[in-house]
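These notes concern the structure reproduced below.
To find a chain, count down the sequence lines: A is the first, B the second, and so on, and within it residues start at 1. Quick note: numbers below take in every heavy atom, side chains included, and nothing from hydrogens, waters or symmetry partners.
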Amino acid sequence: DVKVTQSSRYLVKRTGEKVFLECVQDMDHENMFWYRQDPGLGLRLIYFSYDVKMKEKGDIPEGYSVSREKKERFSLILESASTNQTSMYLCASSERTGMKETQYFGPGTRLLVL
Amino acid sequence: RKEVEQDPGPFNVPEGATVAFNCTYSNSASQSFFWYRQDCRKEPKLLMSVYSSGNEDGRFTAQLNRASQYISLLIRDSKLSDSATYLCVVSRGNTPLVFGKGTRLSVIA
């Protein structure tokens, strides 16, 4: 069974703090993703990675960076947290077989920035 | 125009009812299509893939209309446990999946 784990379920930080969100998957997937989800806005892609040490900007990368030093781990970094980064953050990994790609999501981290 | 569009709902239906959701996509290069389900305060999970010929999984039927660029999900004999948000998802191949904002379904006893 595929498992994607995220380091925290709930996190409270102060404006200006550096925040690390960790994600680990145990299925040897090449692809990993970070999303945020806000009411009425759906899932929005922040960054993704198709290989170790590789990263690509998604739709809303501003204010975020990522790190993929090992295949199983994809970290999201908020360099200086702001209140508008209060959100639910979801990590996912995927495998692609022909035309079919299935994404497996972690349980999410609810981040509150005060 | 958004790449994937869904009616946000909510759809409030009684137990046992049949309910259908549609989703339209704008990019004709889209190759693969899926429905994901997301329960309240949980992560999304794959419900089913959508094939050109249409496919069924128990009470759930998914259909694709490439000419009109829409996909549909039909749920028969709705159960209380079907209450969730249903996300329409489109793949263009070597780029990340594109998720719709979701349609909320509430099945009422």
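Heavy-atom distances place the side chain of A:Y50, and not its backbone, under 4.5 Å from chain B. The part of A:R110 that comes within reach of chain B is its side chain, from C-beta onward, which places non-hydrogen atoms under 4.5 angstrom from that chain. Heavy atoms closer than 4.5 Å to chain A are found nowhere in B:F33, neither backbone nor side chain.
Hydrophobic cluster membership differs between B:F34 and B:F21, with clusters built from Ile, Leu, Val, Met, Phe, Trp and Tyr side chains linked at under 4.5 angstrom. When the side chains of ILVMFWY residues are joined at heavy-atom separations under 4.5 Å, either directly or via intervening members, A:L114 and A:Y10 end up in two distinct hydrophobic clusters. With hydrophobic clusters built from ILVMFWY side chains whose heavy atoms lie under 4.5 angstrom apart, B:F60 does not share a cluster with B:L74. The cluster map of Ile, Leu, Val, Met, Phe, Trp and Tyr, joined by side-chain heavy atoms under 4.5 Å apart, puts B:L47 and A:F105 in different clusters. Linking Ile, Leu, Val, Met, Phe, Trp and Tyr residues whenever their side-chain heavy atoms come within less than 4.5 Å places B:V19 and B:W35 in a single cluster.
Applying the 6.0 Å contact sphere to NZ of A:K55 captures no more than 12 heavy atoms from other residues, nucleotides or ligands. Within 6.0 Å of the CZ atom in B:R37, the count of heavy atoms belonging to other residues, nucleotides or ligands exceeds 12. Annotation for B:R59: atom CZ counts as buried by contact number, over 12 foreign heavy atoms lying within 6.0 Å.
Taking CD from A:E56 and OG1 from B:T95, the interatomic distance works out to 11.0 Å, rounded to the nearest 0.5 Å. With values rounded to the nearest 0.5 angstrom, B:Q31 atom CD is found 11.0 Å from A:E101 atom CD. A distance of 6.5 Å separates CD in B:Q38 from CG in A:L90, rounded to the nearest 0.5 Å. Considering CE of A:M88 and CZ of B:R41, their distance stands at 7.0 Å, rounded to 0.5 Å. Here the CD-CD distance, from B:E43 to A:Q37, works out to 10.5 Å after rounding to the nearest 0.5 Å.
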Applying side-chain contact (heavy atoms from CB on, under 4.5 Å), run through A:L45 and B:L97 and close with a yes or a no.
CA-CA 9 Å; A:L45 182 63; B:L97 297 178; over 6 Å; no
Assess the residue pair B:F99 and A:Q103 against the criterion (side-chain contact (heavy atoms from CB on, under 4.5 Å)); give the C-alpha distance rounded to whole Å, side-chain angles, the decisive distance to 0.1 Å, and a yes or no.
CA-CA 11 Å; B:F99 286 79; A:Q103 281 199 6; 3.8 Å; yes
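Heavy-atom pairs under 4.5 Å with chain B peak, among A:A92, A:P107, A:G58, at A:P107. Taking B:P8, B:G100, B:G102, B:P96 one by one and counting their heavy-atom pairs under 4.5 Å with chain A, the maximum is reached by B:P96.
Side chain of A:Y104 to main chain of B:L46: no donor-acceptor pair is present (N/O by atom type, distance under 3.5 Å, no hydrogens or angles).
At least one side-chain heavy atom of B:Y36 sits less than 4.5 Å from a side-chain heavy atom of A:T102.
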Which pairs of donor and acceptor atoms, one on a side chain in residues 72-80 of chain A, lie under 3.5 Å apart (sequence neighbours left out)?
unit_1	atom_1	unit_2	atom_2	d
A:S75	OG	A:E22	OE1	2.6
A:E79	OE2	A:S65	OG	3.2

